[in-house]
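Every chain is numbered from 1 and lettered A, B, ... according to where its sequence line falls, protein lines coming before strand lines.
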Amino acid sequence: MDLLTDLDARGLIHDSTDRAALGARLAAGPLSVYVGFDPTADSLHVGHLVGQLYLRRFQQAGNKPFPLAGGATGMVGDPSGRSEERNLLDIDTLRYNVSRIEAQLQRLLDFSPGKYQAKLVNNADWTEPLTLLDFLRDVGKHVTINQMLAKDSVRSRLETDNGLSFTEFTYSLLQANDFRHLYEHEGVELQAGGSDQWGNIVAGVDLIRRHLGKSAHAMTHPLVTKSDGTKFGKSVGGAVWLDADKTSPYQFRQFWIQVDDVMVARYLHMFSLQPLDDTLQVIEQHETAPERRVAQRTLADELTALVHGAEALEAARAATDVLFGGDPSSASEATLAAVAREVPSSVVSRAALDDLVAVLVSAGLASSNGDARRTLQQKGFRANGVQLAEDSQLTGLNLLHGRYLLLRKGKTNHHLLEIS
RNA sequence: GGGUCGGUACCCAAGCGGCCAAAGGGAGCAGACUGUAAAUCUGCCGGCACAGCCUUCGAAGGUUCGAAUCCUUCCCGGCCCA
């Protein structure tokens, strides 16, 4: 199966320039492709994973990927998909963000020397030296205001009272210039991205045609959505980050485990790097016994290993076995230590255990004493798997390995207490 | 600058002198069911030393036995006029 057919079957093609021409070009030999990531935060999140994996899919199919960090575009702010002007980040924050994102962009792709070696680029490298007059003559002259005004991202903003600053208005020109630069200097012929990037990407294709007289390709993937229409990639605590310090491997894996049934097949298609036939088989299995959550587990394991490594996946799985396995008393000490790294934990004195309500509050499982009492009344807490009541005593319970107590609120909120 | 309407808990929104810790909806949390899913149903959803008390209805003063509700000033937002 060729790459385009595979991408299409996975629902990963939303739009593309001349599909036949692109297919022919891919068949003719290795192609260089780029996807850009702006440093709006100090980490990428799961929403960026589709773009990263796009590059990986291209690389696996024998093409050369160029992940791009938007050191320059990040300074300006992309108006696409935004109803209001962005706040500009200060330079120090931006530099920091770029450094973090660059580190993340160096994963998932093969950077070892060779024909298909990935190459990390930063658009600040060619944008910063550019003078305003150069930009106006070399880029601006090839673009008409009429075209720019016709773009969805611009038009929608003009229709509201929020308006659009000149700065954001020029964003797509910067991005177009990136594509032009990479085409000219690195032979990059294709830019991919989310469907919200279509206008910006095509602006680059146009610029390459007008300025260089060459034709380039554009392709977008659909944005990942959730079944209820809310933004994908947000969990209770906010975004699901790729940075292990911001979202632990355990939490990351949980995010995928908890994906609901109606979306799991779609996500598996979009995110899995396994052969399509294998994926279809997993989905079939899942449908015969959805309660086993085979699809969710497959997806969660693959992505956790991909993003955080095999070792982190094992640790996350071990923690999951303890936390969701029912009886934690059989867990080894090493496993409990691993659990402590994956879920919130704290150290309390033996004497402090006398006050159950205070323990629950200090563990963060209840927001106030009243909240703790109410949830106790509603049978919402467990300690070492045993349901607690208002008059329960923690001191009567056997500590795991003489020093741990595993608290749980509801099904998914855990806290490990270490008794000093 | 003038006029006018508004600012109520996480969000939306009712209340317009006592019956108000404040209706209703959403979000959230817990329980039942189940599968770490969805849907549904039930309960909770300011704080505390919890049949009681304390703090809250943009802010500060005032009227009143009593104010989210009335008055004054101020701050912020929408709309209209300039």
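When the nucleotides B:C48, B:U34, B:C29 are ranked by their closest atom to the side chain of A:N413, B:C29 comes out on top. Taking only side-chain atoms of A:P290, from C-beta outward, the nucleotide of B:A30, B:U36, B:G35 with the closest atom is B:G35. In this structure, of B:C29, B:U36, B:G35, it is B:U36 that holds the atom nearest to the side chain of A:K411. In this structure, of B:U36, B:G47, B:G35, it is B:G35 that holds the atom nearest to the side chain of A:E291. The side chain of A:R373 approaches B:A49 more closely than any other nucleotide in the set B:G35, B:A49, B:A30.
No hydrogens or angles were tested; on distance alone, nothing pairs the side chain of A:R292 with the base of B:G35 as donor and acceptor under 3.5 Å. For A:N369 against B:G47, a side-chain-to-base donor-acceptor contact under 3.5 Å is absent.
When heavy atoms are screened at a 4.0 angstrom cut-off, A:G410 is found touching the sugar-phosphate backbone but no base atom. The residue A:Q254 sits close to a base: some heavy atom pair falls under 4.0 Å.
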Distance-only donor-acceptor hits, side chain of residues 350-362 of chain A, under 3.5 Å, sequence neighbours excluded:
{"residue": "A:D355", "atom": "OD1", "partner": "A:V357", "partner atom": "N", "Å": "3.4"}
{"residue": "A:D355", "atom": "OD1", "partner": "A:A358", "partner atom": "N", "Å": "3.2"}
{"residue": "A:S362", "atom": "OG", "partner": "A:A358", "partner atom": "O", "Å": "3.3"}
{"residue": "A:S362", "atom": "OG", "partner": "A:V359", "partner atom": "O", "Å": "3.1"}

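Under the rule for a salt bridge (Lys or Arg N to Asp or Glu O under 4.0 Å), A:R293 has no partner lying at least two apart in sequence or in another chain. For A:R107, the side-chain contact (heavy atoms from CB on, under 4.5 Å) partners two or more places apart in sequence, or in a different chain, are A:Q104, A:L242, A:V307. Not counting sequence neighbours, A:D261 has no partner by the salt bridge (Lys or Arg N to Asp or Glu O under 4.0 Å) test. Partners of A:E333 by salt bridge (Lys or Arg N to Asp or Glu O under 4.0 Å), not counting sequence neighbours, listed by chain and number: A:R403. Considering only residues two or more places apart in sequence or on other chains, A:D6 meets the salt bridge (Lys or Arg N to Asp or Glu O under 4.0 Å) condition with A:R10.
Residue pairs meeting the side chain to side chain donor-acceptor pair (under 3.5 Å) criterion with at least one member in residues 56-77 of chain A, sequence neighbours excluded, are A:D38-A:T73, A:T73-A:N123.
The separation between A:H414 atom NE2 and B:A30 atom C1' is 15 Å, rounded to whole Å. Atoms CZ (A:F324) and C1' (B:U34) sit 15 Å apart, rounded to a whole Å. Look at CD on A:Q258: it is 5 Å from C1' on B:U36, rounded to the nearest Å. Note: CG (A:L376) to C1' (B:G31) measures 13 Å, nearest angstrom.
Side-chain N/O atoms of A:T5 and A:D2 include a donor and acceptor closer than 3.5 Å.
If you check B:C44 for Watson-Crick or wobble pairing at under 3.5 angstrom, you find it paired to B:G28. The base-pairing partner of B:C20, taking Watson-Crick or G-U wobble contacts with both distances under 3.5 Å, does not exist among the strands shown. In a base pair of the Watson-Crick type (N1 to N3 plus N6-O4 or O6-N4) or a G-U wobble (N1-O2 and O6-N3), with each distance short of 3.5 Å, B:G61 is matched with B:C71.
Residue A:S368 has a polar side-chain atom (N or O) positioned under 4.0 Å from OP1 or OP2 of B:G47.
The closest donor-acceptor contact from the side chain of A:E342 to the backbone of A:Y250 lies under 3.5 Å.
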Please list each protein N or O that sits under 3.5 Å from an N or O in nucleotides 42-45 of chain B, with the distance.
{"residue": "B:G43", "atom": "O2'", "partner": "A:Q378", "partner atom": "OE1", "Å": "3.4"}
{"residue": "B:G43", "atom": "N2", "partner": "A:Q378", "partner atom": "OE1", "Å": "3.4"}
{"residue": "B:G43", "atom": "N2", "partner": "A:Q378", "partner atom": "NE2", "Å": "3.3"}
{"residue": "B:G43", "atom": "N3", "partner": "A:Q378", "partner atom": "OE1", "Å": "3.0"}
{"residue": "B:C44", "atom": "O4'", "partner": "A:Q378", "partner atom": "OE1", "Å": "3.4"}
{"residue": "B:C44", "atom": "O2'", "partner": "A:R374", "partner atom": "NE", "Å": "3.1"}

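B:A67 sits 35 Å from B:C81 when the C1' atoms are compared, rounded to a whole Å.
Heavy-atom nearest nucleotides on RNA chain B were determined for A:K379 and for A:Q296, and the one closer to the 5' end corresponds to A:K379.
You'll find the ring centres of A:F324 and A:H414 inside the 6.0 Å limit.
Proximity of residues 297-305 of chain A to RNA chain B (heavy atom under 4.0 angstrom from any strand atom) is not detected for any residue.
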